[in-house]
Amino acid sequence: MKYNFDEIIERRGTNSMNTDGFREYIFHADNTMKFPYKDEEFVRMWIADMEFATPDVIINAIKERLDKRIFGYTKIFDPEYYKAFAKWTQKRYDWHCEKKDLVTSPGIIPALYELVSYITKEDENVLIMTPSYAFFKHAVDYHHRKLVCSDLINEDGYYKIDFDDLEKKAKDPKTTLLIFCNPHNPTGRIWTEEELKQVGEICKRNNVWIISDEIHCDLIRTDMKHIPLAKVVTDYDKVITCMSPSKTFNMAGLMLANVIIPNKELFAKWKDRHYDFENPLSVTAVQAAYAYGEGWLDEMKLYLDSNFEFLKQYLAKHLSLAKFRIPEATYLAWVDISAYIDTDQNIPLFFANNAGVLLEGGNMFVQNSNGFIRLNLACPRSILQIGLDRITAALKKENE
Ligand code: LCS
């Protein structure tokens, strides 16, 4: 391997959410919250960023931009930005996105917050599939829209869309938007072409907009293919696609995402209301990621594949009642540990106190997630091993 994914990189002292923000995010607490572990002793497997260094090709591009020495007001004028992104989507998903439809946002979640307000009215419903990344709910709550959840069906660890339920909820005339996660966080599903078409048909029949959040689309197992929803739902312009290199290359803090809005009215509304100046370092970084990041990504995916294989074997050996299936996408393992734990308790708190492991789980995923933990596997194998040893010891002790 050309890159060293075993390297342990010190992140403390960089204002990192991962090291310093867990009290606030997981426990809604401040620095007075105490644990039996020091902060630096925790194994951190929670927030969805990686313990791997951003690839050198991106860091070097930022350094070159730094050498230009002025960081005045910036917008994206250089056509190479779009070209790098469009080449990426063409090569990796065989999907062409039009330059005229592309806007940028300081992240996909900021884009969701804006789009919910542009697309829906106060008394309308927004549909999501659960379990769900909680910020989908937050974007809906923030604008005082009504959240409607359609639970995914868990078939032996393989999640499926409940199309009857989805259609029933989409049919409500108050439902005007579906926030769709493709691939899906936290279950790791890559939706098939058939499933995507069915989601598209349901929304089209019921005149429901779709925001397809495809932030995890590059982080898929090496034998899998991602299909953008907009690639297969072609005759409906109420589909918005969100993509970003932020997860792919561990640069979420640079805050720049691409949003594709084919609907002319919505595009005009976005242009009218969105404050579209950019951080010059982020523009450089995103362009470099798409232009030069592929080699690193392909290697990193192999490392992730083997971390998932390691987890699977580890669970089979040490926690055989845990239910786990290697996800098709994401670096997040979704593990059912209900055989070992009282599912009504605060599961992240149990592991922080009893294992010294920071993870997400239980009701952090809106609903339909009781008894599950989510483990971030984008870390050196040695850390994964320690985390799993600690989780196992805590669960064994609990079940003595
Ligand atoms: N959409 C999905 C589906 C995500 O999983 C995340 C990050 C985002 C959007 C964030 O996008 P951004 O605004 O950074 O562009 N997911 C996280 C998670 O599951 N835990 O920590 C972050």
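For the numbers below, each heavy atom of this structure counts, side chains included, while hydrogens, waters and symmetry mates do not. Both ligands and their constituent atoms are indexed starting at 1 by order of listing.
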Walk me through it: do D162 and D151 pass the test side-chain contact (heavy atoms from CB on, under 4.5 Å)?
-> CA-CA 7 Å; D162 184 341; D151 282 347; over 6 Å; no

Residue-ligand contact A252/ligand 1, heavy atom below 4.0 Å = no

Check each heavy atom of E214 against ligand 1 and say whether those closer than 4.0 Å belong to the side chain, the backbone, both or neither.
-> neither

Looking at Y93, does the NZ or CZ of K225 lie under 6.0 angstrom from its six-membered ring centre and within 45 degrees of the ring axis?
-> no

Do any N/O atoms on W46 end up under 3.5 angstrom from N/O atoms on ligand 1?
-> no

Starting from atom 7 (C) of ligand 1, locate the nearest protein heavy atom and write down its residue, its atom name and how far away it is, to 0.1 Å.
-> K247 NZ, 2.8 Å

Under 4.0 Å, heavy atoms only, figure out whether ligand 1 is touched by the backbone of D213, its side chain, both or neither.
-> side chain

Any donor-acceptor pair under 3.5 Å linking the side chain of Y158 with the backbone of I153?
-> no

More than 12 non-hydrogen atoms from neighbouring residues, nucleotides or ligands closer than 6.0 Å to CG on D156, yes or no?
-> no

Centres of the Y142 and H138 rings: under 6.0 Å?
-> no

Note: ligand 1 atoms sitting under 4.0 Å from heavy atoms of C181 are 3 (C)

Which protein non-hydrogen atom lies closest to atom 11 (O) of ligand 1, naming both residue and atom, and how far is it?
-> I215 CD1, 3.2 Å

When the aromatic ring centroids of Y3 and Y303 are compared, is their separation below 6.0 Å?
-> no

Looking at R145 and E124, does any basic side-chain N land under 4.0 Å from a carboxylate oxygen?
-> no

Give yes or no for whether the N/O distance cutoff of 3.5 Å, strictly under, is met between I108 and ligand 1.
-> yes

Around atom 8 (C) of ligand 1, find the nearest protein heavy atom and jot down its residue, atom name and distance.
-> Y133 CE2, 3.4 Å

Quick one: which ligand 1 atoms are inside 4.0 Å of a heavy atom on G107?
-> 13 (O), 15 (O)

Do ligand 1 and I109 have nitrogen or oxygen atoms that lie under 3.5 Å from each other?
-> yes

Subset of ligand 1 atoms that lie under 4.0 Å from at least one heavy atom of P110 = 13 (O)

Atom 19 (O) of ligand 1 - nearest protein heavy atom and its distance | R374 NH1, 2.7 Å

Heavy atom under 4.0 Å from ligand 1: found in A48's side chain, backbone, both, or neither?
-> both

Judged by modelled atom types alone, do N15 and D20 share a side-chain donor-acceptor pair under 3.5 Å?
-> no

Ignoring angles and geometry beyond distance, decide whether H216 reaches within less than 3.5 Å of ligand 1 through its nitrogen or oxygen atoms.
-> yes

Compare every heavy atom of L375 with every heavy atom of L359, then report the nearest pair and how far apart it is.
-> CD2-CD2, 3.7 Å

Would you say K301 has more than 12 foreign heavy atoms packed within less than 6.0 Å of its NZ?
-> yes

